[in-house]
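Input: a single structure, listed below in structure tokens.
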Amino acid sequence: MKYFTYILRNARRNPVRTGLTIASTGICLFLMMILLSFFAMSAEVSSASRIFNRIVTMNANGFAGMLPVARVRQIAAMDGVLAATPFQWYGGKYHDEVMPFAQFGVDADVVFDILDEFTIPADQLADFKADRKGTVIGRKLAQDRNIKVGDSLPLKGDIYPVDLDLVVRGIYDGPNNRDLRMCLFHYEYLDESLKQTTMGAGSGGSLATEASRISGNAGSIFIKCQSADAMVELCRRIDDEYRSTEFPTRTQTEEAFGQMFEEMMGDLKNTVYWIGAAVVVSLLFVAGNAMAMSMRERTSEVAVLKAIGFNKSLVLFLVLSEAVLVAGLGGAIGALGCKFLCDYVDVARFSGGFLPFFYVPWNTALLGLGVSLFVGFASGLIPAVLAANSSVIDGLRKVV
Amino acid sequence: MIPFKYNVRNLRARWKTTLMTVAGTALLVCSSCVLFGLVDGLEHSLTVSGDPLDLIVLRKGASSEVTGGFESKKADELLELNGIERDENGPVAAKELLNIAMAERHDGTHNNLIVRGVQPASRVLRPDFKIVAGRDLEPGKGECVVSRNLSRFYKGARVGGVIDLGEKEKYRVVGIFTAGGSAAESEVWADLKDVERNTGREGSVSCVQIRAASAADMDQLRTTIDESAQFRLSAIPEATYFENQSKSSIFLKGAGTLIAVLLTFGAMFAAANTMFSAVKSRTREIGTMRALGFSQRDVLISFLGESLLLSLLGGALGLLATLPLSFLTIETSNFNTFSSVTINFRFGPMVMAVALIMTVVMGLFGGMLPALRAVRLEIVSALREL
């Protein structure tokens with residue numbers, strides 16, 4: 001530790017170079033955080049949903065398949081089930097904006113018992129339950145669009161040939177890593193409208209396969225189980241129950257349901273990882289180059305150090321520490337800076353509805369920090385070994 | 001003017017530093033180019049998909065084929081309209097029905113696939129529809145053809161295989177097709193009647209594709225389809241339709257731009273670092289040149305030129321490194337349709353523009369401060385420097 005001042009002085013000797021290296025590392029790490037967080041975040045959110053004891057049922061052939069709404073009641077009556085609600089994607093347009101935010105038709109009476117991480121004032125919930133055309137929206141959505149309780153929220157059908165004239169009855173809130181940009185409305189309102197539509201049979205889009213033909217499609221069903229132990233067994237029991245019907249189901253935990261979306265991203269994940277890897281290798285060159293340039297300028301100094309009795313390993317240590325310090329500082333600024341920026345600024349807001357929320361998970365931030373330390377170590381290695389093995393005589397004789 | 005050879009030789013004399021800088025910046029340029037090549041590929045697939053005389057008919061209010069849908073009865077009437085281009089097989093117009101179903105990839109993961117139920121004319125309505133392996137499907141036999149892109153990723157998606165989309169929906173693959181890089185290359189095509197039957201959606205279509213005989217006919221058709229009480233549908237020129245769909249790539253483009261900007265800054269600092277060091281170790285040389293009578297401007301231009309040359313090497317190497325990726329196809333999910341989309345890397349103007357912009361920015365801005373420092377040196381003290 002007594003050499004720390006010396007290392008620090010050395011690092012500060014060429015402030016421009018050190019500053020540029022730190023900035024370069026910081027920017028690249030900042031970028032890596034954004035890229036990696038996208039996937040790390042969804043994985044973390046899926047696995048965090050484990051504690052809610054929820055399972056999700058959908059048609060075995062995918063989202064677009066039929067899932068008769070009568071099954072919500074049947075499943076809710078099963079042993080081990082606390083409550084169940086339909087969760088039907090409406091995908092309507094808001095002022096001609098296509099897919100502005102997620103909209104789901106739900107059972108107003110139980111939805112907040114099932115999604116119990118969300119909080120909503122009791123009077124607003126009661127208003128929502130009482131109003132067939134009522135809707136409850138997330139706090140962030142309300143902020144984005146400046147919507148208040150009592151405002152109307154007209155949605156135009158895109159997948160479905162019916163429009164919904166919703167009125168905001170409540171605003172729910174919850175943890176920052178949950179979707180606070182949803183619009184939840186009465187399933188019955190959509191279903192009734194579909195029954196009354198004057199459009200002929202088959203006027204729904206592919207994403208709604210059967211729904212508009214005969215209405216009564218639950219889309220998917222969110223189920224709250226009594227205990228974590230019951231989940232796997234329930235998934236099996238529900239699927240067995242409907243196996244030989246016209247519409248077999250696929251039931252999975254909310255965690256697996258979330259992973260399914262991640263799985264769908266396919267090659268994008270690998271592409272992003274490859275880019276991340278390329279950035280790290282590039283940083284090795286950049287930081288290594290800077291360190292090598294510094295050491296070249298200090299050749300005679302190193303020789304003096306050795307002449308006055310610093311041994312090889314100490315020189316090695318001094319040079320490596322300096323490299324790790326510089327890169328680590330860049331990493332800390334980039335990785336932690338990105339984390340805190342995303343914590344304080346709601347970045348997801350600028351994604352045009354693509355992301356409901358965005359944050360950098362701690363393990364990703366720490367990974368970034370680790371990567372920068374590794375970059376420092378690896379980039380300092382060659383200059384350090386060269387310095388440690390340099391000849392004292394040559395070094396002293398050399399005029400830079 | 002200081003000869004350019006001076007700069008070339010300097011870079012060569014300090015080859016280790018030059019190499020490190022070039023390798024570092026090349027990787028950063030390459031990463032940005034890969035991203036923009038993919039964005040370009042996605043946008044290209046959408047622009048080549050639209051023929052100027054083609055119309056796509058959707059239910060009013062629907063924003064895309066996967067969300068649109070209307071009665072087959074109306075669709076049949078549409079096919080009878082005047083003004084539709086005709087060839088030896090009748091009108092160049094087709095009813096199409098899309099189904100989205102979950103399929104398994106080779107690696108065991110799943111994604112939704114778009115299965116398009118088509119009529120014979122559908123092929124004419126796509127640019128360069130070609131069967132590249134096997135044969136075209138025969139109607140009513142439960143056969144399908146798969147795009148070449150998808151055939152690389154999905155289980156059973158080869159000639160002789162079976163696309164298994166559930167108990168009631170299985171198609172025998174009889175051929176592999178390409179469609180000139182258009183959006184159809186992310187789809188499975190089966191016979192309209194087969195898809196109708198398998199999905200239980202008889203009497204319904206997702207869209208009708210029409211080619212108008214002339215521009216005047218196209219306007220006439222649009223008015224009829226949009227306004228007559230008989231239809232009340234929405235006829236959109238294909239070019240406009242795909243332009244709207246490309247909005248989905250805006251997020252990708254925005255993200256790509258952000259990444260490229262950040263990487264440019266990273267590369268810029270790396271170049272600046274190298275140039276600062278170059279200026280520092282040549283202080284005496286600079287002093288000598290000034291003493292010989294080269295002006296401050298000469299020195300500035302010389303060092304900027306060296307910086308540009310350095311980043312040009314990096315940029316060119318990075319750009320070259322993307323060449324083998326011309327055959328890169330990635331498969332991911334389009335979150336407007338919740339289904340598979342394949343993107344071909346496209347080495348085109350966009351990639352080259354990105355590489356050029358990055359190169360110039362990092363060369364000029366990265367070299368500016370070091371060059372200015374070189375200019376500001378006092379001749380006497382520079383000559384005195386060790």
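No hydrogens, no waters, no symmetry mates; every other heavy atom, side chains included, goes into these values. Just so it is clear: chains get the letters A, B, ... in the order the sequence lines come, proteins before strands, and each one is counted from 1.
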Non-hydrogen atoms of chain A under 4.5 Å away: do they reach the side chain of [X], the backbone, both or neither?
X      : result
B:L262 : both
B:T274 : both
B:L369 : neither

If you count heavy-atom pairs within less than 4.5 Å of chain A, which of [options] leads?
options                      : value
B:S277, B:G166, B:A101       : B:S277
B:L258, B:N273, B:T109       : B:N273
B:L328, B:V22, B:L27, B:T329 : B:L27

Quick check, are the ring centers of A:F101 and A:Y94 under 6.0 angstrom apart?
yes
Would you mind checking which part of [X] comes under 4.5 Å of any heavy atom in chain B, side chain (CB onward), backbone (N, CA, C, O), both or neither?
X      : result
A:F30  : side chain
A:V98  : side chain
A:L283 : neither
A:L284 : neither
A:A23  : both
A:M293 : side chain
A:M32  : neither
A:T25  : neither

Is it true that a side-chain atom of B:R373 and a backbone atom of B:K280 form a donor plus acceptor pair closer than 3.5 Å?
no
Backbone N or O of A:L67 within a donor-acceptor pair of the A:N217 side chain at under 3.5 Å?
yes
For the residue pair B:S63 / A:K93, report whether a side-chain donor-acceptor contact shorter than 3.5 Å exists.
no
Donor-acceptor side-chain pairing of B:R152 and B:T342 below 3.5 angstrom:
no
Rounded to the nearest 0.5 Å, what's the gap from CG on B:N112 to OG on B:S340? Could you check?
9.0 Å
Check against side-chain contact (heavy atoms from CB on, under 4.5 Å), A:N61 and B:M102
CA-CA 5 Å; A:N61 298 338; B:M102 197 172 278; 5.9 Å; no
May I ask you to decide if the ring planes of A:Y273 and A:F39 are parallel, tilted or perpendicular, using 30° and 60° as cut-offs?
perpendicular
Are B:L310 and B:T21 close enough, and set up right, to give a side-chain contact (heavy atoms from CB on, under 4.5 Å), and what steps lead you there?
CA-CA 8 Å; B:L310 184 71; B:T21 316; 3.8 Å; yes
